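Here's the structure, in structure tokens; my notes come after.
Predicted, not measured: the structure shown is a model, and the values here were computed from it. Chain letters run A, B, ... following the sequence lines, proteins first and then strands; every chain starts at 1.
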Amino acid sequence: MTTTPPLHGLDTFALTIRQAVSSAIDVKIDLISLERPRQESLGEFALPCFRFAKQAKLAPPALASKLADELAIENVNCEAVGPFLNFRIDANSLARSIVTSAQNDNYAGDNQDLTTLVEFSSPNIAKPMHIGHMRTTVIGAALSRIYSHLGHDVKRINHLGDWGSQFGKLVAAWQRWGSEDKLNELPIAHLLELYVRYHEEEKNDKTLAVDAKKYFQQLESGEDNQTRATWKQFTALSLTEFDKVYARFGIEFDYVRGESWYEDQLDDMITWLDECGVTELSDGATIVNLEEQGIKTPSLVKTAHGTTLYATRDLAAAKSRWEEFKFDHSLYVVGAEQTLHFQQLKAVLSRCGVEWEKRMEHIPFGLIRLTEGKLSTREGRVIALVDVLNRSVELAAKSIEQKNPDLPNKETVAEQVGLGAIVFHDLKHQRQKDVVFDWKEVLSFEGDTGPYLQYTHARCCSILRRAEKDVPQLDDIDFSVLEGGRELWVAIGRLPQAVREAAAKREPMLIANALLKVAAAGNGFYRDNQVLGTNDDNLEKARLVAIDTLRKTLALGMKLLGVPTPQEM
RNA sequence: GCGCCCGUAGCUCAACUGGAUAGAGCACCUGACUACGGAUCAGGAGGUUGGGGGUUCGAAUCCUCCCGGGCGCACCA
């Protein structure tokens with residue numbers, strides 16, 4: 001897979017500069033990596049000369065100024081500032097190059113021939129989705145789109161929590177206190193009520209736990225019994241609810257496969273582990289010892305009373321996916337609290353001697369906490385995901401009523417803005433960090449927010465709409481008119497690198513930050529450069545193209561993140 | 001107790017993975033012309049990067065020891 005990646009945005013300039021420096025100081029081009037100057041005013045690229053000073057037998061500042069004198073790069077001016085060499089791209093070719101590049105539909109894209117699995121969202125059946133599910137859903141969906149844009153064949157997998165002893169408990173509760181009427185009316189709420197009641201009464205009623213175990217064994221038996229029928233009903237009802245949420249986020253899965261989907265592969269999994277010679281018995285349970293892999297806690301694949309566990313199912317899922325997809329990458333967008341589980345998973349497979357285990361990767365993210373403490377479904381410390389969405393949309397609607405009461409499609413736009421705020425807020429932070437859920441902050445529409453991007457996008461659409469003509473062809477415009485937009489062109493030109501880095505680090509935040517810079521520069525641009533009504537056809541044409549390029553770039557980035565792009569708001 | 005993650009402006013977060021004077025938003029203060037949308041823009045104030053020590057040309061970033069917070073540590077998922 002050593003095809004050279006396509007050059008987008010500032011890439012062409014970076015490459016030219018690196019080539020020139022490489023031959024000037026006789027250092028392999030791979031070793032020359034450009035950085036960003038401290039201040040944008042210094043230029044677009046910087047090269048710290050410390051690393052090459054020794055070989056050149058010059059002090060870093062001397063080398064920098066020597067290079068500044070010697071280098072002659074077309075359309076690039078270089079200047080030494082102390083030990084740094086700063087490169088500044090000629091304004092005209094910057095504008096021309098970036099606009100041309102960003103107008104391409106595949107801007108920041110690639111055609112990497114890879115198969116990438118992304119497992120994300122994965123809510124539990126019979127429980128409402130809460131804000132804890134938001135991060136995996138939003139991050140997973142964003143990563144999927146990013147890889148897709150880079151040409152990967154992406155398989156989105158929703159690994160529903162639809163199996164396990166909890167369903168024995170739920171069925172036990174259902175048998176005692178369940179109500180068909182309530183179930184039909186508010187399915188998830190009723191199931192949650194049963195779940196909570198089970199845990200309350202379990203302490204005093206020992207027969208509950210006995211029943212729960214019995215029902216789960218019935219479920220696992222594979223027979224077509226009453227327990228299974230009940231479970232199927234719960235699953236279907238839950239999925240209907242989940243799908244409503246996914247539809248609002250604009251997310252589609254390629255495979256909705258719960259843990260139960262791997263049910264008939266579990267025996268084979270245990271057999272396979274036995275054949276690999278990695279299993280042993282411990283207190284009646286079947287385990288895989290991982291001490292040699294540096295993990296003290298063994299992986300438990302079968303309980304003493306013969307039922308399978310989370311680990312068993314995930315092992316089966318991993319193997320099944322390998323056999324089906326022969327993936328290049330298999331990413332698990334799952335909370336950081338499950339780090340040990342994934343280490344164990346990979347370690348077990350490693351002990352079994354499979355090579356593809358290395359292609360599996362846990363993408364952890366910090367958990368969402370409330371100011372009152374950790375989320376707990378049982379203790380009622382939850383915020384339902386739909387509540388967050390609804391409140392945000394409601395607030396967006398209010399805002400529209402205030403700012404733009406004549407807007408057509410108010411409801412649709414309110415939905416787009418409300419969701420955009422939430423999605424962007426989630427993706428703005430580094431994955432790994434815990435976040436404290438704060439209504440005020442999540443529902444903010446000002447400053448570095450989703451609505452800010454949407455607003456900038458809408459302003460562009462507005463100008464283009466008022467122009468009442470098609471966006472001019474590129475070969476028909478005078479780029480010298482756009483020389484003043486340096487900040488904007490640089491911001492747009494840096495998006496492709498942000499996309500590549502976001503993909504490599506599995507960190508959508510990098511795109512979010514790059515987009516904020518584009519929007520900020522864009523707002524400055526149309527403030528300083530009046531587009532319409534200048535009575536200068538040449539000027540208007542070029543600036544229309546500029547606005548269209550800004551609009552297009554924002555739309556691309558927002559699409560990757562999952563932030564809707566209304567044309568008016 | 002052991003392992004992993006985190007600690008940066010009053011608050012929420014950045015800082016190109018070792019580079020230049022640590023940057024944004026919120027909140028606070030000041031300002032924006034009958035110009036394409038004020039969900040915007042321009043400016044001000046705000047910092048001993050939790051603390052000590054070390055590595056080197058150079059540290060928020062790397063190593064080490066403390067302090068503080070979070071998560072996890074086999075018959076739940």
Quiz item: Can you tell me how far C1' of rA77(B) sits from CG of N124(A), to the nearest Å?
Solution: 7 Å
Practice problem: Send over the distance from Q344(A) CD to rA74(B) C1', rounded to a whole Å. | Solution: 8 Å
Self-check item: Selection from rC41(B), rA74(B), rC75(B) that lies nearest to any side-chain heavy atom of I287(A)
Solution: rA74(B)
Quiz item: Taking the six-membered ring for Trp, does Y455(A) stack with rG37(B) (centroid gap under 5.5 Å, planes within less than 30°)?
Solution: no
Exercise. Measure the distance from CG on D434(A) to P on rG7(B) and round it to the nearest whole Å.
Key: 11 Å
Quiz prompt | Between P of rA60(B) and CZ of R38(A), the distance in whole Å | solution = 11 Å
Quiz item: Where along residues 298-316 of chain A does a heavy atom come under 4.0 Å from RNA chain B, residue by residue in number order?
Solution: P298(A), L300(A), T303(A), A304(A), H305(A), L309(A), Y310(A), R313(A)
Quiz item: So, do F84(A) and rA20(B) meet the stacking rule of ring centres under 5.5 Å and planes under 30°?
Solution: yes
Exercise. Would you classify Q430(A) as touching base, sugar-phosphate or nothing, given that sugar-phosphate means primed atoms plus P, OP1 and OP2, and contacts are heavy atoms under 4.0 Å?
Key: sugar-phosphate
Practice problem: Answer yes if the side chains of D162(A) and T235(A) hold a donor-acceptor pair under 3.5 Å, and no otherwise. | Solution: no
Exercise. For rC6(B) and rA42(B), measure between their P atoms and round to the nearest Å.
Key: 34 Å
Quiz item: Separation of E263(A) atom CD from rA77(B) atom P, in whole Å?
Solution: 14 Å
